[in-house]
Amino acid sequence: MSAEHPFYRLAPFIQEYIYRSGWEELREVQVEASRVVLDTNHHMLIASGTASGKTEAAFFPALTLLDQEPSSSVGILYIGPLKALINDQFQRLEGLMRDAHIPVWHWHGDVPQSEKTKVMRHPSGVLQITPESLEGLLMNRPNAIPALFGDLRFIVIDEVHAFMGADRGSQVLSQLERLSRMAGCSPRRIGLSATLGDYEAVKSWLAGGTRIPVELVSPPGGRKLRLSIENFAMPDARDERQSEALENAKKSYNNFIYDHTHLKKALIFTNSRTVAETTILEMRRIAALRQQPDVFHVHHGSISSMLREEAEAALREGYGPAVAAATLTLELGIDLGSLERVMQLGAPYSCASFVQRLGRSGRREGAVAEMMFVCAEEDDEEAQLPARMPWTLLRAIAVCELYVKEKWIEPQTVRKLPLGLLYHQTMSVLRSFGEAEAGELARAVLTLPPFANFTTEQYRELLEYLLATDHLEQTEDGMLIVGLMGERVSGHYRFYAVFQDEEEHSVYDGSEEIGSITTVPPAGYCFSLAGRLWKVEEVDSRHKAVYVKHAKGKVDTLWLGAGGDMHTRIVRKMRDILRENTLYPYLAPNAAARLERARRLSRETGLTERLVLPAGGDSMFVMPWIGSREFRTLERLLKNNLSQQLSLRSIVPMEPHYMVVAGRTDADELQHLIVSESERMEDSIQMLDEFEAPYLGKYDEFTPPGLIRAAFAADGLDLEGLRRGLRGSDYGA
DNA sequence: GACCTGCTGCGGCATG
């Protein structure tokens with residue numbers, strides 16, 4: 001290495017750290033990022049694989065500059081999407097800066113007040129924070145902002161893909177602009193991500209509100225992949241003659257999972273919390289039967305952070321095997337070390353998710369990334385068995401093909417008129433001002449980058465509506481202040497987050513928190529959580545706590561979900577795979593025979609199966625299959641309980657034009673079937689299209705209906721049509 | 001029978 005090499009330009013304590021860690025050289029991404037940071041004044045987007053050293057690539061050169069010219073306030077602000085990720089990064093950075101005399105602070109809901117007070121007293125070094133805590137700072141402590149961030153040099157946004165495309169991302173952009181104005185600083189931005197489809201879109205997102213160019217650092221990855229798909233065809237659960245065959249099929253499915261994981265550091269991804277729970281229950285049952293050790297963990301959004309950290313530590317550290325079944329909680333960048341097996345039960349719903357999950361395997365450089373798909377066709381009341389299409393298998397293949405062969409990942413779209421967020425930031429800005437003239441407020445809010453498409457006239461309409469609905473109030477001398485309703489909404493701590501949530505009860509076994517539930521069973525009833533069974537002993541409604549003890553037997557899990565979003569392109573790919581008849585190469589030999597048998601039976605029985613396909617466009621597609629039961633449930637809800645609109649959000653199609661496939665599942669006939677519409681289904685879908693709830697965000701409900709219409713139209717949705725349809729039916733009221 | 005994220009201020013009490 002010549003003396004010009006970026007390594008020798010890094011601060012001495014960083015060179016020390018690199019030696020101490022036993023690294024022989026900087027990774028390519030770190031070399032490139034160092035050049036960008038040290039030689040330009042531009043923003044930077046680092047897009048490279050998981051565990052490629054992105055965090056170090058951002059911090060090595062940024063800290064070097066900070067070391068050369070110490071900052072008189074916080075010098076680097078790191079924004080992360082998860083508390084767990086911040087805690088993980090906090091430990092890694094602390095190791096790096098042990099000898100550097102640059103402090104690392106973290107700030108989120110679990111950080112004690114005493115620590116936050118320390119940062120306020122000695123604003124310096126690196127501060128790691130969540131968007132919600134940053135909102136709290138901007139809103140409630142505006143006078144502390146100049147001292148905290150007056151000399152801020154860098155803002156690092158981790159896992160950019162987790163923010164962009166959602167209101168939470170626009171919230172971050174808005175906060176960055178507010179922070180710069182309040183503190184009088186103009187920091188450079190560094191975005192980190194492993195999963196990105198369209199770099200140009202992300203670059204312009206990252207620069208939002210500034211005129212500084214964004215440099216892309218994205219070294220070619222080229223990892224080798226090893227993918228395998230195992231498909232289990234389950235016999236019909238309702239056919240009594242088949243009950244023994246079904247038992248055997250389930251047994252071989254579970255034994256397959258057990259045999260391929262229990263001696264390794266293994267991660268089993270599932271698509272639902274329920275499957276994660278039931279799988280680990282099964283694994284524990286098999287372990288007990290075989291008198292082998294219990295090495296199993298469950299990791300999802302309703303598991304307490306303590307149990308999650310236990311699972312993470314077991315995978316990362318220690319000798320011997322550890323197996324965790326997880327939902328997307330283990331997709332993001334928390335360090336898990338190098339895993340020996342990554343399994344996926346069923347197929348992922350998106351290519352982005354597939355790539356993230358793939359990134360969990362083969363983390364050492366040069367290693368092969370491996371993913372073992374295990375599909376089992378689920379029971380379907382509507383289907384006439386034994387001939388069924390392997391929909392899950394098809395989706396697994398479609399996702400693999402799209403990513404591996406076409407390098408395609410779902411593009412992220414940003415709302416053109418984020419109305420709910422406009423309300424949110426208006427209230428937040430007004431609270432930080434204390435009071436403001438209407439014009440002053442408009443200048444402060446409407447110039448924030450996410451709101452560039454709103455007109456002054458539209459903002460006036462919003463403010464007038466908010467005055468009329470008591471969210472705002474006008475003082476005698478014409479100043480705007482937060483009104484009674486506004487106080488109720490923005491005065492509560494839940495205001496900091498811009499996404500919807502449900503109230504949860506914590507579940508305790510003695511003093512140990514196991515996790516949380518939203519549906520609380522009465523005392524005496526059982527449920528499963530964290531891969532074990534529990535019996536409710538006592539419910540403390542006031543403190544939102546449920547006390548439980550261990551139980552035996554068999555019970556359902558508590559989570560009820562209904563459908564989700566899947567990109568049109570994945571559905572089209574599934575259709576193409578069927579049409580091209582290219583399914584066979586992906587199937588294990590016996591599975592191909594099973595499928596052949598299924599197809600023959602399909603022809604003989606004239607089986608009907610349904611598939612809902614969007615007619616065109618690249619907008620989001622909703623459910624791969626919708627049963628009449630779901631429609632009945634929807635109808636009932638629509639008629640009786642419109643207040644439940646928001647909870648229906650995920651069941652409702654997001655694009656107004658659909659066509660229906662109804663009929664045989666034979667591939668040759670599919671072309672014909674796509675144009676043969678079923679009237680009943682069409683009616684039901686029409687009804688869903690007329691339903692306006694799916695587009696409402698947490699704060700949209702506080703904004704004027706006329707503006708909501710304009711905002712939807714901007715994103716290509718015709719609310720007027722939807723409204724008319726509603727009035728014309730029984731569901732209008 | 002899809003998934004996930006986040007969170008304040010203060011009263012009451014014990015302790016040094």
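Throughout, protein chains are lettered first and strands after them, A, B, ... in sequence-line order, and every chain is numbered starting at 1.
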Mind listing the N/O atom pairs, protein and nucleotides 4-9 of chain B, below 3.5 Å?
unit_1 : atom_1 : unit_2   : atom_2 : d
B/dC4  : OP1    : A/Gly301 : N      : 2.7
B/dC4  : OP1    : A/Thr327 : OG1    : 2.8
B/dC4  : OP2    : A/Arg273 : NE     : 3.2
B/dT5  : OP1    : A/Arg308 : NH1    : 2.7
B/dT5  : OP1    : A/Arg308 : NH2    : 2.9
B/dT5  : O3'    : A/Pro81  : O      : 3.4
B/dT5  : O2     : A/Arg168 : NH1    : 3.1
B/dG6  : OP1    : A/Lys83  : N      : 2.3
B/dG6  : O3'    : A/Thr130 : OG1    : 3.3
B/dG6  : N1     : A/Asp501 : OD2    : 2.7
B/dG6  : N2     : A/Asp501 : OD2    : 3.1
B/dC7  : OP1    : A/Gly109 : N      : 2.9
B/dC7  : OP1    : A/Thr130 : OG1    : 2.8
B/dC7  : OP1    : A/Ser133 : OG     : 2.5
B/dC7  : OP2    : A/Gly109 : N      : 2.9
B/dC7  : O2     : A/Tyr493 : O      : 3.1
B/dC7  : O2     : A/Arg494 : N      : 3.4

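For A/His161 and B/dC3, the NE2 to P distance is 19 Å, given to the nearest whole Å. A straight line from CZ of A/Arg357 to P of B/dC3 spans 11 Å, rounded to a whole angstrom.
Counting only residues at least two apart or in different chains, salt bridge (charged side-chain N to carboxylate O under 4.0 Å, His left out) contacts with residues 126-135 of chain A comprise A/Glu132-A/Arg168, A/Glu135-A/Arg178.
We find that A/Arg285 and A/Glu282 are joined by a salt bridge, their nearest charged nitrogen and carboxylate oxygen being less than 4.0 Å apart. A/Asp167 has a carboxylate O that lies under 4.0 Å from a charged side-chain N of A/Arg415, or vice versa, which qualifies the two as a salt bridge.
Defined by atom type and a distance below 3.5 Å, a donor-acceptor pair is present between the side-chain atoms of A/Tyr78 and A/Asp158.
Scored by the side-chain contact (heavy atoms from CB on, under 4.5 Å) test, A/Ser272 finds A/Thr274, A/Val275 as partners (sequence neighbours excluded).
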